[in-house]
Amino acid sequence: IALPVNWEWENAEQSVGNAGTRSAFAVFTPADTENYNTVRAEITFTVEKATPAYEVPAGLTATYGQTLADIALPVNWEWENAEQSVGNAGTRTAFAVFTPADTENYNSVRVQIAYSVEKAHYDMSGVTFEDAEYTYDGQEKKLEIEGALPAGVSVAYSENRRTDAGELTVTATFTGDAENYEAIAPMSATLRIGKARPEYTVPEGLSAHRGQELCEIALPDGWSWKDGAQTVSGETFSATAVYTPSDTQNYNTVEMLLTIGVESLSQGAVIGISVGSVLGAVLIAYGVLALLYKKGIVHGTFFAKIYPFIR
């Protein structure tokens with residue numbers, strides 16, 4: 001503590017003491033010490049509080065949506081306004097106060113402190129995007145998410161419409177506050193439309209003769225025998241037929257066991273078939289002989305005589 005000219009502290013090394021009003025002795029030495037005595041007097045002075053030593057907190061982080069109260073500070077530090085929002089994502093600052101342990105002799109210090117605000121994550125726990133299966137009915141189908149989206153989030157779908165039977169992978173993409181929230185991962189689901197069972201009329205009144213092949217028995221349009229080479233036998237006969245719809249993309253084929261009435265041949269029909277069979281065999285034999293004669297494989301007067309008639 002500086003004193004006026006001719007004054008000096010009696011004990012300059014003495015501490016000024018705690019903050020507040022204090023006093024100490026000083027000595028006044030006149031210029032004319034030959035004729036004047038020195039004077040010892042108690043002098044009053046004020047001791048002000050000092051600024052404490054402190055270290056500014058560093059490396060502080062918060063998440064978007066929090067308040068300063070969510071950012072922990074070291075001992076003796078506290079935010080000036082703990083209820084203040086941390087602000088948008090990025091580097092931000094706010095005032096904090098350092099209060100020393102010895103508040104009698106040291107002032108509190110108000111300091112602007114920097115901190116980093118990280119992006120938050122949207123809570124998508126209540127949102128689902130599930131696969132769905134339908135049967136073809138000619139109506140357009142689509143998928144949609146289930147659950148409520150967080151505030152500020154919207155959804156868009158890719159190729160989310162199908163009418164015909166088949167399979168489609170749909171992707172749901174979400175858009176939100178990209179400045180303060182991390183991107184939301186897209187969701188995928190599968191839309192499946194199965195083939196329907198077609199409408200059809202079952203063939204009735206089918207009949208055949210024993211020994212006939214199924215391929216000889218006519219069926220209505222759209223119907224065919226599964227194995228046309230099967231031979232009809234017995235009093236009644238059942239065989240599998242297949243109905244093929246015109247729109248095979250959206251409708252399944254149908255297999256069904258059909259009953260065929262088996263008719264017996266009349267005696268005349270049987271004789272006719274037998275005679276026809278014998279005559280046919282004879283003609284075939286003559287044809288073979290003519291061919292052999294023409295190629296010179298067989299010889300003789302008999303073949304020369306019949307050749308003009310069967311060639």
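Hydrogens, waters and symmetry mates play no part in the numbers below; they use all other heavy atoms, side chains included. Bear in mind the structure is a predicted one, so any value in this text is a computation, not a measurement.
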Say whether, by atom type as modelled, one donor and one acceptor occur between the side chain of [X] and the main chain of [Y] under 3.5 angstrom.
| X | Y | answer |
| --- | --- | --- |
| Asp70 | Thr67 | yes |
| Trp9 | Ala26 | no |
| Trp225 | Cys215 | no |
| Asn180 | Tyr64 | no |
| Thr171 | Ser158 | no |
| Lys141 | Thr135 | no |
| Tyr200 | Pro245 | no |
| Thr128 | Glu130 | no |

Counting only heavy atoms from other residues, nucleotides and ligands, does the tally under 6.0 Å from [atom1] of [X] exceed 12?
| X | atom1 | result |
| --- | --- | --- |
| Asn37 | CG | no |
| Glu42 | CD | yes |
| Glu48 | CD | no |
| Glu159 | CD | no |
| Asp221 | CG | no |

[atom1]/[X] to [atom2]/[Y] distance, rounded to the nearest 0.5 angstrom?
| X | Y | atom1 | atom2 | value |
| --- | --- | --- | --- | --- |
| Thr91 | Leu60 | OG1 | CG | 11.5 Å |
| Leu168 | Asn160 | CG | CG | 7.0 Å |
| Asn105 | Asn18 | CG | CG | 4.0 Å |
| Tyr136 | Asp247 | OH | CG | 5.5 Å |
| Gln84 | Phe95 | CD | CZ | 10.0 Å |
| Thr259 | Leu206 | OG1 | CG | 8.5 Å |

At their closest point, which heavy atom of [X] faces which heavy atom of [Y], and how far apart are they?
| X | Y | answer |
| --- | --- | --- |
| Tyr243 | Glu199 | OH-O, 3.9 Å |
| Ile113 | Ala96 | CD1-CB, 3.3 Å |
| Val86 | Ala62 | CG1-CB, 3.8 Å |
| Val262 | Ser233 | CG2-O, 3.9 Å |
| Val232 | His209 | CB-O, 3.7 Å |
| Leu143 | Ala189 | CD1-CB, 3.8 Å |

Decide whether [X] and [Y] are clustered together by the hydrophobic rule: side chain heavy atoms of Ile, Leu, Val, Met, Phe, Trp, Tyr closer than 4.5 Å, transitively.
| X | Y | value |
| --- | --- | --- |
| Leu68 | Val111 | yes |
| Phe45 | Phe25 | no |
| Ile260 | Val242 | no |
| Val202 | Ile217 | yes |
| Met256 | Tyr251 | no |

Looking at side-chain heavy atoms only, is the closest gap between [X] and [Y] below 4.5 Å?
| X | Y | answer |
| --- | --- | --- |
| Thr51 | Val109 | yes |
| Val170 | Phe129 | yes |
| Ile193 | Arg162 | yes |
| Pro57 | Trp77 | yes |
| Tyr115 | Arg92 | yes |
| Glu80 | Arg110 | yes |
| Lys195 | Asn250 | no |
| Glu146 | Val127 | no |

Step-by-step side-chain contact (heavy atoms from CB on, under 4.5 Å) determination, Thr44 to Thr21: CA-CA 7 Å; Thr44 300; Thr21 301; 3.4 Å; yes

Answer yes or no for Lys49 and Tyr106: cation-pi contact, defined as NZ/CZ to six-membered ring centre under 6.0 Å and angle to ring axis within 45°. no

Using only heavy-atom distances, determine whether the side chains of Glu140 and Thr163 contain a donor-acceptor pair under 3.5 Å. no

Between Glu255 and Thr240, do the side chains contain an N or O donor and an N or O acceptor separated by less than 3.5 Å? no

Stepwise, does the side-chain contact (heavy atoms from CB on, under 4.5 Å) test hold for Gln230 with Phe237? CA-CA 11 Å; Gln230 275 188 284; Phe237 187 77; 4.0 Å; yes

Test log, rule side-chain contact (heavy atoms from CB on, under 4.5 Å), inputs Thr61 and Ile71: CA-CA 7 Å; Thr61 60; Ile71 306 176; over 6 Å; no

Salt bridge present between Glu235 and Arg210 (N-O < 4.0 angstrom): yes

Would you call Glu167 and Arg192 a salt bridge, using N to O less than 4.0 angstrom? yes

What's the verdict on side-chain contact (heavy atoms from CB on, under 4.5 Å) for Tyr122 and Leu149, showing C-alpha distance, side-chain angles and the deciding distance? CA-CA 9 Å; Tyr122 282 112; Leu149 288 171; over 6 Å; no

